[in-house]
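Order of the sequence lines fixes the chain letters, A, B, ..., with proteins taken first and strands second; residue numbering starts at 1 for each chain.
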Amino acid sequence: MDKITFREASRAGIAEALKDDSRVFLIGEDVGRYGGCYAVSKGLLDSFGAQRIIDAPLAEAGFVGAGIGAAIGGMRPIVEIMTVNFSLLALDQIINNAATLRHMSGGQISVPVVIRMSCGAGKQLAAQHSHSFEGLYAHIPGLKVLYPGTIGDARYMLKMALDDPDPVIIFEHVMLYNMEAELPEKQTIAPMEKAVIRRTGHDLSIITWGGCLYKAMDAAEQLKTLGIDAEVVDLRCLRPLDRVTILDSVRRTHKALIVDESWKSGGMSAEVSATIAELGLWYLDAPINRVCSAEVPIPYAYHLEQASLPQVAQIIAVAKQMMEPFNASIRDPL
Amino acid sequence: MDKITFREASRAGIAEALKDDSRVFLIGEDVGRYGGCYAVSKGLLDSFGAQRIIDAPLAEAGFVGAGIGAAIGGMRPIVEIMTVNFSLLALDQIINNAATLRHMSGGQISVPVVIRMSCGAGKQLAAQHSHSFEGLYAHIPGLKVLYPGTIGDARYMLKMALDDPDPVIIFEHVMLYNMEAELPEKQTIAPMEKAVIRRTGHDLSIITWGGCLYKAMDAAEQLKTLGIDAEVVDLRCLRPLDRVTILDSVRRTHKALIVDESWKSGGMSAEVSATIAELGLWYLDAPINRVCSAEVPIPYAYHLEQASLPQVAQIIAVAKQMMEPFNASIRDPL
Amino acid sequence: MSNNKLHVNRIHLHFLLKQMIRIRRFEERCVTLYNEEKIRGFLHLYNGEEAIAVGVMQALTAQDAVLATYREHGHALARGLSMDIVMAEMFGKASGCSGGRGGSMHLFDSSQRFYGGSAIVAGALPIAVGIALADKMLQNQAVTCCFFGDGAVAEGEFHESLNLAKLWQLPILFICENNLYAMGTALELEQSNQKIHLKAASYGLASQVIDGMNVVDVEAAAKLACSAIRNGAGPHFIECQTYRFRGHSMFDTQLYRNNDEVEQWKKKGPLIQLTQWLKDNHQIESDELQAIELAVDKEIDAAVRSADAAEIEPVENLLKHVYTEVSHG
Amino acid sequence: MSNNKLHVNRIHLHFLLKQMIRIRRFEERCVTLYNEEKIRGFLHLYNGEEAIAVGVMQALTAQDAVLATYREHGHALARGLSMDIVMAEMFGKASGCSGGRGGSMHLFDSSQRFYGGSAIVAGALPIAVGIALADKMLQNQAVTCCFFGDGAVAEGEFHESLNLAKLWQLPILFICENNLYAMGTALELEQSNQKIHLKAASYGLASQVIDGMNVVDVEAAAKLACSAIRNGAGPHFIECQTYRFRGHSMFDTQLYRNNDEVEQWKKKGPLIQLTQWLKDNHQIESDELQAIELAVDKEIDAAVRSADAAEIEPVENLLKHVYTEVSHG
Ligand SMILES: Cc1ncc(C[n+]2csc(CCOP(=O)(O)OP(=O)(O)O)c2C)c(N)n1
Ligand SMILES: Cc1ncc(C[n+]2csc(CCOP(=O)(O)OP(=O)(O)O)c2C)c(N)n1
Ligand SMILES: [Mg+2]
Ligand SMILES: [Mg+2]
């Protein structure tokens, strides 16, 4: 079977949705004539026309709010925010409206909007263009938060999101768009709210998602050669969080290492850790560890940017440490 | 000595700053003629005039950004965002500008702005007016985040924040404004970045801050009568987080219970838990527990609102559970 | 009374008067109930501005959509929500129009396309744009009507929404209730250019300013605008000049304005104006007026009684309505 | 060349030409360096728009403050940042004007009051308002000059900033570089009203539109505006009509416009225009032009060499400059 890229998979998902449901439209900055900031929507304007592929002005609160409103009005909008960095300008609409309207109205109003955004660092775009805010979104009741890390999920999760009657946020890491793989069969894709074990192992659980998944898989591969058999859990859905799969894995491996591209303090990694410390503490044979981004606005220079992000070597080093008998001991507080 | 309210303490801190430094001014919606949404700035317009107490239009990004710019330009603005709920509209300015400019400019630009906002639930203001977003702010490198929970901190932390050359966010819980107590001496107030043990105890550590502090203190008082001696750690500063004090307390008590008014998933409580699970795991004699808000946009009806917020009774119940020998055992994942 | 007369007749004028009296008396009762702590949270009253909601609603059909602010009791009642469900909502009862979860600031009734009730200033404008966009896409012949205050005009969301509405030529009627204050901040401290309707015109919207105290004027302007919108003329903007007779909310000491100003405006109030005109022109008898007031009071009493008697939502349902209860995947 | 002539003289015109050539050639070199992967990240070039930065900077003094966008190499160079520190920044070197942390989109030099370099569209406008506010409060006789594109005009932050600037009567010069596109979105898809200067006027700002391809016109307009601002006339707005000759960034396939349009605009380009005028009026000799070009090339070569040779920031300093290094409390 031929390989396709993550970008093509995303595009195919959007195209399918547009084809299957006349209520679906795509709206966002430069999704049409420009072909999308990361070329995800390239060609869709030609196939579907300007009524369904709508180039929005630079007005994030405005067009995201409009997407929310259109969902209330009976459409199934796919709103693209060019990058998560600009989503801060639309956060009021997402949190104060999309996430609350169903509840505030006592269940009368549905907001079946899907909001896609690219995110993450690695392209030397510096501090204002490299954010990972999935933890922030995952904190908000009323939202669901997906973060595909594989070609299959990039291809099929959108449909599940559109079928969901509530607002769904989908993150796409900019470094994944060129990733290539064979497209799995649709039936092999897990339901959107389930975490998936991408690699089984019995020595430790590496828990991650999205942009860090392939790093964790790489690390696990290399750890194998060192005799360490790591399991890799891909969360996929950050809200609701599939705590059962996390705990189940840690129950078997007794060690949890969380890999997250957001800053360590208060990022999504913290919630995963807290879940284990609350519900699976006695499973643990070692402290929970987190490999996350350094606490610094992401710098431009290549070597500094790379130093600020989670790396395969770091994952391996921490995993090795965690396997050493007494290394479970106390380290200096940061 | 006479008692003063938290509101009066905040106001006295602002007045002192205005008196002592001509570069200080207060800007925000209705801080002047109206007297402040929660009456904190009442009377200041009369004392200091409209040049220094500036009523801003409804334009959160605009006037918060203006405060950031004025700080860059050499002033020492105190920006009041009426409530944290509206700060979402200014988040781009706070995160993409205030938090990054020093770093992005290689250290050339200082942003000595202080941004105060009221926050929290309990007044039946419903889903759009009851947020606790301190965890979100505490996630951002470049910001410092304070959350006074006592009259002394309300009175004196502002000065420390203004003396800091970097952007500082200060939260004030709406339910604290009427709280009364004697004003402690200035010298007794800990530096702004230090957590403070408000009550020593050796059975368990209740770690909390801001709007939940008095609930934790209440609970500790009642636990005492049940023979449980709880220590109460008031974080005060959520970024940088005083991990040493947290770990030190847990090292002594072997049990950690975190009380946080934000939603449990991905809130500040998660980071406190993760800190302990990473750096203090072997201290623990019981799983870390969190008493937080229910995962629901805060409802209007009194009984539902109260049911959604952390309560003294809940803290007591969980603390008691944690003291029972085998209750440290695994519960069902949420 | 107005140059802009429609085919107003006696019955219709009595109806308008009754609607305004319903709102005014409802609001007054809310004050009592707030002081009795039956109603809690923030409470923003519409006294003085009744002509706007009542006048505009006359131009709308059941297919149209309505969005308003936290000061929306009047809009809800004028739109046709029963007093019972509105009052029950403010009492925090399960039978309230938002199941007790919204309160005074978040009244909803999707069966009437009444989409709230929003407590973020200007926050409903983008949503209104989206609802109008959906109606246009679905070829529903509907107008979306969005109410907001003068303060909202300073917000970025206002700007973005007006641009989008005109750019996409959407069927929206923007109604700015210019009551000269945003909380305690006077218009001249909010807007560098206080002519709000001109600001709207700068986006290319058809825009006008009218006397928001005159219910017939409001109705006339709204009807003209709606028929233009229905004919594909795109979004319209009406600035209604008005005044709120009470404080911003129940916590307002009103240091920012003087009593004279308030009293002057009260003389121009919408109820006084219409009642006086009807009397001067012998279009209403005292007993007719009394009958209206009596009917309204009865309606309010009944709403209070039923709200009082209503059940609260069981605490077990705390987590309900955060997500739709379906299985999928 | 222009009706709006200042006391332009030969030397000054040569200076303006040289500044524009510096920018143009610098940008062209950046393309090469990007392809060589010496420069990374997003790279937005200023080709075609040089007259704006160069013209406006002539109106500013060292006390004035400047803010720009991610397309700001030209502004940085015209403001007086040396090519060495700008180039080093784009190479990610420690000697770069932002210590290698900012890159192409975040050039800073506080010694010149050059406050970046902002990659959030319209994000610098509120900051500009604040800097002007501080200068006004501190009674510094300074103008804050803020550059941004036509796309920024649709953002809420634009709206809020213009209102505040006028409301507070601040010393700001807003320069809108209207190059007809925001990435791939044409002006008529961005703005319901494409007359941007009229939109600015609706806030009460003194506002005008000028030919942004004519450096003398730009200088003249900026000088008049700045002197008015310095005399307390409050904020001014200048829409400069221009065009970018290259793609939005290095990743642009330019499907959204045709080559004809680009070629038409190139004929009106600021360098061609000024050079032609100088030649036609015998104000420049070929060898003078050559000398300028040679000097510029030398300057660029030197900058590349020095950037190449410069050290990178030690990784140990990764966490530096997140917070000020002081002890307090
Ligand atoms: C974004 C936002 N900022 C601030 C507030 C607090 N607030 C509530 S109402 C109000 C005044 C709004 O004035 P206006 O738009 O004129 O409406 P009015 O109350 O006069 O009807 C303010 C400042 C809010 N709810 N939302
Ligand atoms: C808030 C925000 N939204 C989107 C972007 C992505 N983006 C970068 S530049 C740009 C176009 C801006 O156009 P304009 O303001 O006209 O400036 P120009 O690039 O033409 O100079 C866009 C959409 C961004 N950087 N910030
Ligand atoms: Mg008002
Ligand atoms: Mg442009």
Please state whether the side chain, the backbone, both or neither of [X] comes within less than 4.5 Å of a heavy atom of chain A.
X        : result
B:His129 : neither
B:Arg239 : side chain
B:Ala90  : neither
B:Tyr300 : neither
B:Ile140 : both
B:Pro299 : both
B:Ala277 : both

Which atom pair, heavy atoms only, marks the closest approach of [X] to [Y]?
X        : Y        : result
B:His139 : A:Ser265 : ND1-O, 2.6 Å
A:Thr100 : B:Pro297 : CG2-CB, 4.2 Å
A:Met104 : B:Ala127 : CG-CB, 3.5 Å
A:Phe133 : B:Ile95  : CZ-CG2, 3.9 Å
A:Arg290 : B:Thr275 : NH2-N, 4.3 Å

For chain B, find which of [options] contributes the most heavy-atom pairs closer than 4.5 angstrom.
options                                : result
A:Pro141, A:Gly266, A:Ala294, A:Ala138 : A:Pro141
A:Val296, A:Ile298, A:Leu91, A:Ile94   : A:Val296
A:Leu136, A:Asp92, A:Asn85             : A:Asp92

Subject >> Heavy-atom proximity to chain B below 4.5 Å, by part of A:Ala99 >> reply: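 It is the backbone, since no side chain atom gets that close.
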
Original post:
Can you check whether A:Gln128 reaches B:Asn97 side chain to side chain, under 4.5 Å on heavy atoms?
Top reply: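 In short, these two side chains touch, coming nearer than 4.5 Å.
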
Subject >> Between CD on residue B:Glu295 and CG on residue A:Leu241, distance to nearest 0.5 Å >> reply: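 B:Glu295 atom CD to A:Leu241 atom CG measures 10.0 Å (nearest 0.5 Å).
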
Original post:
Within residues 267-274 of chain B, which positions have a heavy-atom distance to chain A below 4.5 Å?
Top reply: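 Contacts with chain A: B:Gly267, B:Ala270, B:Glu271, B:Ser273, B:Ala274.
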
